[in-house]
Structures are given as C-alpha cells and as structure tokens.
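Ligands are counted one by one from 1 in listed order, and the atoms in each one are counted from 1 as well. This chain uses plain numbering: 1 for the first residue, then up along the sequence. Computed over heavy atoms, backbone and side chain alike; hydrogens, waters and symmetry mates excluded.
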Amino acid sequence: MVVSGRPEPRLDGKVAIVTGAARGQGESEARLFAAAGARVVLTDLLADEGEAVAASIGEAAVFVRHDVTSADGWAEVAERAREAFGRIDVLVNNAGIWRTAPVDQETEERFERILRINLVGPFLGIRAVVPSMREAGGGSIVNISSTAGLRGIPGHAAYGSSKFGLRGLTRSSALDLAADGIRVNSVHPGAIDTPMIAAAGYERGAGGFDRAPLHRVGVPEDVAELVLFLASDASSYITGTEFAIDGGLTTG
Ligand code: NAP
C-alpha cells in the first residue's frame, strides 16, 4: 500500500535474525521480512520445521538450530549471520514459551525456566548482536513481549514477570544503545492464532481468547506488519517504546 506517495516499509540490503521462526509469529515475520527485501537468519529449536520454512523462502534465508538460553548458541548465530550475509541490522527476539499457573501453585523450576527463555534469552541476543550493529552503523531490535507485560493477568505470575521484564530490558537497552543508532522497542500482542495458543487448548468465544473489542483473534501477519515497521527505517525516530497489538484488549 502506498500512502501519500510514501512507500511501504522495506528492508532492502538489511540482514535480520528472527528467533522462534519455525512457526507462528516468527515464521510470519521471517517471510514478510524476506518479501520486504531482507536476508533473514531464522532460528528455533524445531529444526525440521525451521529448515523447511527457510528452504521455502529461498536464497534470502538460512536456518540455524538454536536455543535462545545459550550464550554459545547466540555467538554461533551471530557468526553464521555474518558468514552468510556479512552484517546484522535487525534482531527480533520472538522465541518464547507460555505456561500458566496461579502464583501459589507455580514451581520454582518452571518460573526460572520461563524467565530464562523469555527474558534471559533476549538479553543474550541483544549482547550478541550489538557489536555487529555498531559496525553496521546502527540497527533495530524488536522484543516480542505480550499484553501480559502491560497488565496483571490471573495465572500469569511467571509468564507476566518474564514479559514485564522484557519491557524493562527494552527501555533500558534503548537508552544504552541510542548513541550507537541502535533502536530497541517492544511489541505486546494480545491473543494471536498460533500453535502456542492451540497447544494450550484455549477456546474461542465469549470469555475466550477472541474477546477483544475488535471482535476477532489476531493472526501472525497482524504482528508481522508492525514488527516490519519497527525493523525498518520507517520507524527511525522511535525507540524505547511499547506497542500493544491486541484488538483493543488493553485499552479499556
Ligand atoms: P509459537 O508458535 O509457540 O512459536 C514460538 C517458537 O519459539 C516455537 O517454535 C518454539 O519452539 C520456539 N522456542 C521456544 N523455546 C525456545 C528456545 N529456548 N530457543 C529457541 N526457540 C524456542 O508461539 P507464537 O505465538 O508464535 O509466539 C511468539 C512470541 O509471541 C512469543 O514470545 C510469545 O510469548 C509471544 N506472544 C504470543 C501470543 C499469542 O497469543 N500467540 C500472545 C502474546 C505474546 P518449541 O515448540 O520447541 O517450544
């Protein structure tokens, strides 16, 4: 779509890393980025699915099996991105897990695991890509949080802590990295129709996951369009900011 003669956001010449890209929102972001001119490094624990998505995108994509909780894994991803495409301009910290339990029934082990994947993983990712982004003269980091990172939700003590934490990591990192031209923003999806929600057996309908004022469940492409905007130079004056994409769920 062209509005007032301005082109839609593009990523020509840019190299992006998208974690959790074997399926769901990460897959959609990787596909949209490639369509917008980027070369993309897809990472995930799900190797077969990730390889298949990268192969279907073609020469503009490579897949690396990667656990976001591993600092060594992040070093390898950054290295592979530079080997394959020569630079890193964009990081989307998308990989995450969603588990719920009332706070008094949450286990220490699961609480720590959720924090490790959803919060420590993105921190390690930021640390791993900053040297390459500095070399490239700047960059954009997009952290996929959640509406559970904007407000309290019953049963979300662990997940909500990780996603509120990611919001804090975003704001502080944005200040640390602004002088290098590296922007950092967070995206807060409401209910988005992906395998994450299907696996949890969440039901649609009143009180279910499509109770947003816009009366529909989000789809991965909704989120991908916003993430593309934040990844691209179209958002070059935006950093340290939170973007809810939830059909109005957190507005009231
Ligand atoms: P998804 O379909 O489950 O995709 C997430 C991907 O991340 C999966 O392929 C998953 O692989 C991978 N992953 C999990 N742990 C990993 C690790 N340690 N290292 C590397 N990859 C790992 O979920 P989605 O809905 O697209 O979620 C994407 C992001 O949006 C997540 O951060 C999620 O918290 C957030 N979000 C989702 C919703 C929603 O309604 N769907 C709402 C708000 C926020 P495995 O299957 O092996 O775990």
Nearest to atom 18 (N) of ligand 1, what protein heavy atom do you find, and at what distance? D67 OD1, 3.0 Å
For ligand 1, note which part of N94 has a heavy atom under 4.0 Å away: side chain, backbone, both or neither. both
Would I192 count as being in polar contact with ligand 1, using the rule that some N or O on each side must be under 3.5 angstrom apart? yes
If you measure from each non-hydrogen atom of V68 to ligand 1, which part falls under 4.0 Å: side chain, backbone, both or neither? both
Under 3.5 Å between any N/O of G20 and any N/O of ligand 1: does that happen in this structure? no
Nearest neighbour of atom 10 (C) of ligand 1 from the list D44, L45, V92, on a heavy-atom basis: D44
Who's the nearest protein heavy-atom neighbour of atom 42 (C) of ligand 1, and how far? G190 O, 2.9 Å
Side-chain contact, heavy-atom cut-off 4.5 Å: L177 with D180? yes
Under 4.0 Å, heavy-atom basis, I'd like to know which part of Y159 is in contact with ligand 1: side chain, backbone, both or neither. side chain
Polar proximity ligand 1 side, T147 side, N/O cut 3.5 Å exclusive: no
Side-chain ion pair, R116 and E112, N-O less than 4.0 Å: no
Ligand 1 contact on N118 by region, counting heavy-atom pairs under 4.0 Å: neither
Between L175 and T239, is any pair of side-chain heavy atoms under 4.5 Å apart? no
How long is the span from the CD atom in E49 to the CZ atom in F63, to the nearest 0.5 Å? 8.5 Å
Do R39 and E59 have side-chain heavy atoms sitting under 4.5 Å apart? no
If we set the cut-off at 4.0 Å for heavy atoms, which region of S145 has an atom near ligand 1: side chain, backbone, both, or neither? backbone
If we set the cut-off at 4.0 Å for heavy atoms, which region of H66 has an atom near ligand 1: side chain, backbone, both, or neither? backbone
Nearest neighbour in protein (non-hydrogen) for atom 25 (O) of ligand 1: T194 OG1, 2.5 Å
Tell me, please: is R116 in heavy-atom contact with ligand 1, that is, under 4.0 Å? no
In terms of its nearest heavy atom to atom 43 (C) of ligand 1, the top option of G24, P195, A198, P189 is P189
Considering only the protein, which heavy-atom contact is closest to atom 22 (C) of ligand 1, and what is its distance? A95 CB, 3.7 Å
Are any non-hydrogen side-chain atoms of V187 and S145 less than 4.5 angstrom apart? no
Between atom CG of L228 and atom CG of L32, what is the distance when rounded to the nearest 0.5 Å? 5.0 Å
Using every non-hydrogen atom in the two residues, find where Q25 and P220 come nearest and quote the distance to one decimal. CA-CB, 4.0 Å
Student check: side-chain heavy atoms of I114 and R99 closer than 4.5 Å: yes
Check ion pair R110-E106 (N to O, under 4.0 angstrom): yes
Does an N or O from T69, backbone or side chain, lie closer than 3.5 Å to an N or O of ligand 1? no
